[in-house]
Amino acid sequence: MTELILALDVLTREEAVYIADKTAPYLDAIKIGYPLVLGAGMKIVHEIAGLGLPLIADFKVADIPNTNKLITEHAFQAGFSAIIAQGFTGSDSVEACVETAHDYGGSCYVVSEMSHPGALEFLSGENAARIAKMAVECGADGIIAPATRPERVKALREIIGSKKILSPGVGAQGGDAKEIAPLIDGMIVGRSIYNAEDPAKAAEEYSFIRR
Ligand code: 3DU
């Protein structure tokens, strides 16, 4: 079954705890990135981890290998169980994230192609395919691929086989949950859940769609 992952991009501790608490029964994991940790500090990770769901660090790590290692160590020490790295930096930088994540017993996902329109300017097509292939060779646990372009997800699936595909872009960015769910392992949804009038109801509805 496709997992439902909440992108918890709210800006304060209070909102984060409220939304996470209400939606947790319908989720398989929570993704936390810069909007929340810059707003509420890294201590929010420990607090949200108390709900018992796996937490994915969306830091899109994109630096030299040593800096990638240091960032990844911070993430796992803070309580994350997976990290997202950019792939365009190359195999040595990606390997640093993958190896560090695995040292902590966690996972690393590599962004192969992004979901917004501008992604088509540099990181789609052949380059995205090369990144996906490299992610597999580096031992990554999966890739990030765009829910806004199901045909690209299918093409990337051919390359990565049974590695996981986590896919953002459903709802607010225009991706169709019903269409993308059968193609991927994890559906990442942010605004369509946390901005909904009733976030728990929205999460529940997505949790039905993904089956
Ligand atoms: O558009 P939403 O509000 O459902 O949020 C999508 C989340 O996924 C958000 O945290 C964004 O930073 C992340 N993401 C993408 O949207 C697209 C990507 O290619 C990679 C990550």
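Order of listing sets the numbers, starting from 1, for every ligand and every atom in it. Only this structure's heavy atoms are used, side chains among them; waters, hydrogens and symmetry mates stay out.
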Quiz item: Looking only at atom types and distance, does a side-chain atom of Arg191 sit under 3.5 Å from a main-chain N or O of Ala196, one as donor and one as acceptor?
Solution: no
Quiz prompt | Under-4.0 Å heavy-atom contact with ligand 1, by part of Gln173 that carries it | solution = side chain
Self-check item: Electrostatic pair Glu137-Lys133, nearest N-O below 4.0 angstrom
Solution: yes
Exercise. If you have a sec, work out which protein heavy atom is nearest atom 18 (C) of ligand 1 and how many Å separate them, to one decimal?
Key: Pro168 CG, 3.5 Å
Practice problem: Under 4.0 Å, heavy atoms only, figure out whether ligand 1 is touched by the backbone of Lys60, its side chain, both or neither. | Solution: side chain
Self-check item: Leu6, Leu166, Ile188, Ile83 screened by side chain to side chain contact (heavy atoms under 4.5 Å, CB included) with Ile56, the one that passes
Solution: Leu166
Quiz item: Are the ring centres of Tyr194 and Tyr18 closer than 6.0 Å?
Solution: no
Quiz item: Judging by distance only, is a nitrogen or oxygen of Gly190 under 3.5 angstrom from one on ligand 1?
Solution: yes
Exercise. Answer yes when Lys43 and Glu47 have at least one side-chain N-carboxylate O distance shorter than 4.0 Å, and no when they do not.
Key: no
Quiz item: Is there a donor in the side chain of Gln86 and an acceptor in the side chain of Thr89, or the other way round, less than 3.5 Å apart?
Solution: no
Quiz item: Which atoms of ligand 1 are found less than 4.0 Å from any heavy atom of Arg191?
Solution: 1 (O), 2 (P), 3 (O), 4 (O)
Quiz item: Is Asp9 in contact with ligand 1, taking contact as a heavy-atom separation below 4.0 Å?
Solution: yes
Practice problem: Verify, without hydrogens or angle tests, whether Asp28 (side chain) and Leu4 (backbone) share a donor-acceptor contact under 3.5 angstrom. | Solution: yes
Quiz item: What's the shortest distance from atom 11 (C) of ligand 1 to any protein heavy atom, and which residue and atom give it?
Solution: Lys31 NZ, 4.1 Å
Quiz item: Backbone, side chain, both or neither: what part of Ala7 comes under 4.0 angstrom of ligand 1, heavy atoms only?
Solution: side chain
Quiz item: Who's the nearest protein heavy-atom neighbour of atom 17 (C) of ligand 1, and how far?
Solution: Ser115 OG, 2.9 Å
